[in-house]
S.K.: 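Could you have a look at this structure, given as structure tokens, before my questions?
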Number of protein chains: 4
Amino acid sequence: MAILQKSIDKRNALIKATIELVNNAGFHATPMSKIAKMANVSPATIYLYFENKQDLVNKTYIEVKAEYTKYAFESYDENMSVEQGFEIIWKRIADFKLNDSENAMFLAQCDNTPMIDELSRQEGIKHLQPLLDLWARGKKEGIIKPISDYLLYAYAINPLSFLMMSQKRGAIILDRKHIEEAYQSAWNSIKTCDQ
Amino acid sequence: MAILQKSIDKRNALIKATIELVNNAGFHATPMSKIAKMANVSPATIYLYFENKQDLVNKTYIEVKAEYTKYAFESYDENMSVEQGFEIIWKRIADFKLNDSENAMFLAQCDNTPMIDELSRQEGIKHLQPLLDLWARGKKEGIIKPISDYLLYAYAINPLSFLMMSQKRGAIILDRKHIEEAYQSAWNSIKTCDQ
Amino acid sequence: MAILQKSIDKRNALIKATIELVNNAGFHATPMSKIAKMANVSPATIYLYFENKQDLVNKTYIEVKAEYTKYAFESYDENMSVEQGFEIIWKRIADFKLNDSENAMFLAQCDNTPMIDELSRQEGIKHLQPLLDLWARGKKEGIIKPISDYLLYAYAINPLSFLMMSQKRGAIILDRKHIEEAYQSAWNSIKTCDQ
Amino acid sequence: MAILQKSIDKRNALIKATIELVNNAGFHATPMSKIAKMANVSPATIYLYFENKQDLVNKTYIEVKAEYTKYAFESYDENMSVEQGFEIIWKRIADFKLNDSENAMFLAQCDNTPMIDELSRQEGIKHLQPLLDLWARGKKEGIIKPISDYLLYAYAINPLSFLMMSQKRGAIILDRKHIEEAYQSAWNSIKTCDQ
DNA sequence: GATGAATGAGCATTCATTCAT
DNA sequence: CATGAATGAATGCTCATTCAT
């Protein structure tokens, strides 16, 4: 195997270990030594790939966020109608949050905690642009309520994080029917009423 | 002042300090010594009121959660109509989350983090019963969608946490108009469509 | 024993351990844990008395330097003649350097190493003032060569450090006769020639 | 360039880097990786030329010491008179210490610190033999005081180290006049008095 | 010879918790 | 009740050294 590939593998193993351990115990309760052990490297090796613990978790956040948005928009096409486009994106996001729950949970923890640099947070937000563009189009067409994007996100997207956490905790198991109901609630909350 | 009152004051000071410090730095980045200093007591004194750090944060969570739900239901009366009752409760919750943001932020961090005992979490949820009862009535009357309470909560209530965090971070300032729009989205997402 | 005394004892034990260990191994090869062990306290206890390792060694330096100069000038009296005063001071310094060699060695290491803050170094120098005053008087009276104090110190006092180190290393054992010879050399090197 | 020359260059670069870095930060605060970087080689390469860090610093010491003594005796000739010979040697040493202060400072640090093997220290001393021989001759001729060579060195030579350090620290700038004064003090301190 | 990636051992420092007063 | 001094057990991070290439 190429030497470069080995490096990438190690980096990935570290990112993966970070996600899993931080999910289970939180940032500060996760020692570097444990991350190293889980990734099968020496603690010192982490510092070949990341500057320090904060950098490790920042980079992990950015990476997961990128993966998340890449997945979200993969099957979306700007020529779709607003409603169709929203449904496509929403379902991809639901898919990601509910199936790839390790990653989703990590993001939720980062987003509700002073665990991530403000800079990395900004970096992570940027990738949502296509959704904001879709909403802008929807507003112009009178299909989406003319309200702040923060409100739209709060009602259309963010509830999925709550559902993911609930499922993760075993409080509920989300089947196809739930997803459909959730989608309807999401759409109802942001579409203009007189449709 | 009664000696008992002095004790209560110290306990309250500890709870308050815990909230503020955990909000700013996270649970594990908040040393007991700092909490003690902010509450103007000796570190050892904390252990007269709480078993250990975990107990301190658990109890803090339960206390804040109780305060939260007490506030939420204070002006609600079971004789109100479902829609009226929901609006009353929702607006109280919005009030709490957006105005008493220290407390609300603390709850959000607890709810998205492995920081709280599962037991304490359960304990905290119980207090929401009146809202669940209201929803049950709404479903029977055909006013509220016949879907899982988790879904209802995810769409009707939880978005307020996201908005509170956004406001806390300075991304948005929520005025009366935003609140009204948010309420409409919340209601749209859970009411049955054919009204 | 008073609680205050116990504190002072611990602080002193730490200072003493620092001197001995740094003498044997150097600053960076002396772990805090070893210092703690030798002083019979926990590593954490050091940080109750000193801010960090650098602070510990700085404070140790200042303390030893103060002890050194206090000893040096103890039997000196400003009414003495220049020659008599110099002899008194010189012999006290010789006494200190050659008998209290642990302390003297520590000072020598600090003075020839980037181990001490520049600030602490300045602080340490201040105490030599009486000797400089004596030399000033000597120059005015035409007894001491009219040359820089640095030169006077280099020839009159500093050689004792070299002799102390040589003795410490076992290369020479300095008896009363050596001391007298050394004193003659010191005095010859700074007195004006035409006496 | 011959392959051998390239090797010598690397070794020299390592020695040079060691001196500069140890001067600035001390032995233990100077990582091998930094030495390697400054010498433009890989850390691993150091181990092709030296057994380990201790060996590197030992060899550096011996090399610098040899350079020092070579310089010191270069213009000395055994046929010179004792006084003339001493002046010649002394002035060469002063030259070295005050102009090649990087090297001189490194020696001073080694000589006042448990940084060097006792063996390497012995090795370094050997080269001073011509000076000791000169002194022996001087004693026989009644020109030099009949006292221990350690005393002679302490007063005649060692003060230059102190002056070099003072100059290095910016406390004094030594001009030709200072040097002449220093020489007089040195000579006064070791010559017999009745000349 | 030369390297850069890798590491185990070690270090300064912190912190939850205890205990004598 | 209340405390501040004390501590053992971590933890993040560094570094001399090795080794596959």
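All chains are named by letter (A, B, ...) in the order of the sequence lines, taking the proteins before the strands, and each is independently numbered beginning at 1.
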S.K.: Leu48(C) side chain: which of dA5(F), dT3(E), dT3(F) is closest?
M.R.: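 In terms of side-chain proximity for Leu48(C), the closest of dA5(F), dT3(E), dT3(F) is dA5(F).
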S.K.: Using the side-chain heavy atoms of Tyr47(C), tell me which of these nucleotides is nearest: dA6(F), dT18(E), dT14(E).
M.R.: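 That would be dT14(E).
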S.K.: Below 4.0 angstrom, N of the basic side chain to O of the carboxylate: do Asp111(C) and Lys65(C) qualify?
M.R.: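 The answer is yes: the pair qualifies as a salt bridge.
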S.K.: Rounded to the nearest 0.5 Å, what's the gap from CZ on Arg121(B) to CG on Asn58(B)? Could you check?
M.R.: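 That separation rounds to 9.5 Å.
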S.K.: Does atom NZ of Lys16(C) have more than 12 heavy-atom neighbours from other groups under 6.0 Å away?
M.R.: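 No, the 6.0 Å shell around NZ holds no more than 12 heavy atoms from other groups.
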S.K.: Scan residues 15-45 of chain A against DNA chain E and write down, sorted by residue number, each residue with any heavy atom closer than 4.0 Å; if none is found, say none.
M.R.: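 Result for residues 15-45 of chain A: Val41(A), Ser42(A), Ala44(A), Thr45(A), sorted by number.
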S.K.: Expressed as a whole number of angstroms, how long is the span from Ile8(C):CD1 to dA5(F):P?
M.R.: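 After rounding, the reported distance stands at 13 Å.
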S.K.: To the nearest Å, how far apart are Phe50(D) CZ and dA2(E) P?
M.R.: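 The answer, rounded to whole Å, is 13 Å.
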S.K.: Is there a Watson-Crick or G-U wobble partner for dC13(F) with both distances under 3.5 Å, and if so, which one is it?
M.R.: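 dC13(F) is paired with dG10(E).
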S.K.: Distance check, rounded to the nearest 0.5 Å: Thr18(B) atom OG1 versus Leu56(B) atom CG?
M.R.: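 That separation rounds to 3.5 Å.
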S.K.: Can you measure Ile46(A) atom CD1 to dG8(E) atom P for me and round it to whole angstrom units?
M.R.: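 Rounded to the whole Å, the gap is 12 Å.
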S.K.: Give, for atom CD1 of Ile15(D) and atom NZ of Lys59(D), the distance between the pair rounded to the nearest 0.5 Å.
M.R.: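 So the gap between those two atoms works out to 9.0 Å.
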S.K.: Write down the distance between CG (Asp9(C)) and C1' (dA6(F)), rounded to a whole number of angstrom.
M.R.: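 One finds 15 Å between C1' of dA6(F) and CG of Asp9(C), rounded.
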S.K.: In terms of heavy-atom contacts, does NZ of Lys34(C) have more than 12 from other residues, nucleotides or ligands at under 6.0 Å?
M.R.: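 Count not over threshold, so no.
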S.K.: Side-chain N or O of Lys53(C) less than 4.0 angstrom from OP1 or OP2 on dT13(E)?
M.R.: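 For dT13(E), OP1/OP2 do not have a side-chain N/O of Lys53(C) under 4.0 Å.
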S.K.: How close or far is atom C1' of dG12(F) from atom CD of Glu51(A), stated in whole angstroms?
M.R.: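 Rounded to the whole Å, the gap is 14 Å.
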S.K.: Find the distance Asn52(D):CG to dC15(F):C1' and express it as a whole number of Å.
M.R.: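 Rounded to the whole Å, the gap is 14 Å.
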S.K.: Round to a whole Å and report the spacing from CZ of Arg11(A) to C1' of dA6(E).
M.R.: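 Checked: the CZ to C1' distance equals 17 Å.
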S.K.: Considering Watson-Crick and G-U wobble pairs with both distances under 3.5 Å, what does dA20(F) pair with?
M.R.: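 Across all strands, the one nucleotide that pairs with dA20(F) is dT3(E).
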S.K.: May I ask you to say what Tyr49(D) touches in the nucleic acid, namely base, sugar-phosphate or nothing, with a heavy-atom cut-off under 4.0 Å?
M.R.: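 Result for Tyr49(D) = sugar-phosphate.
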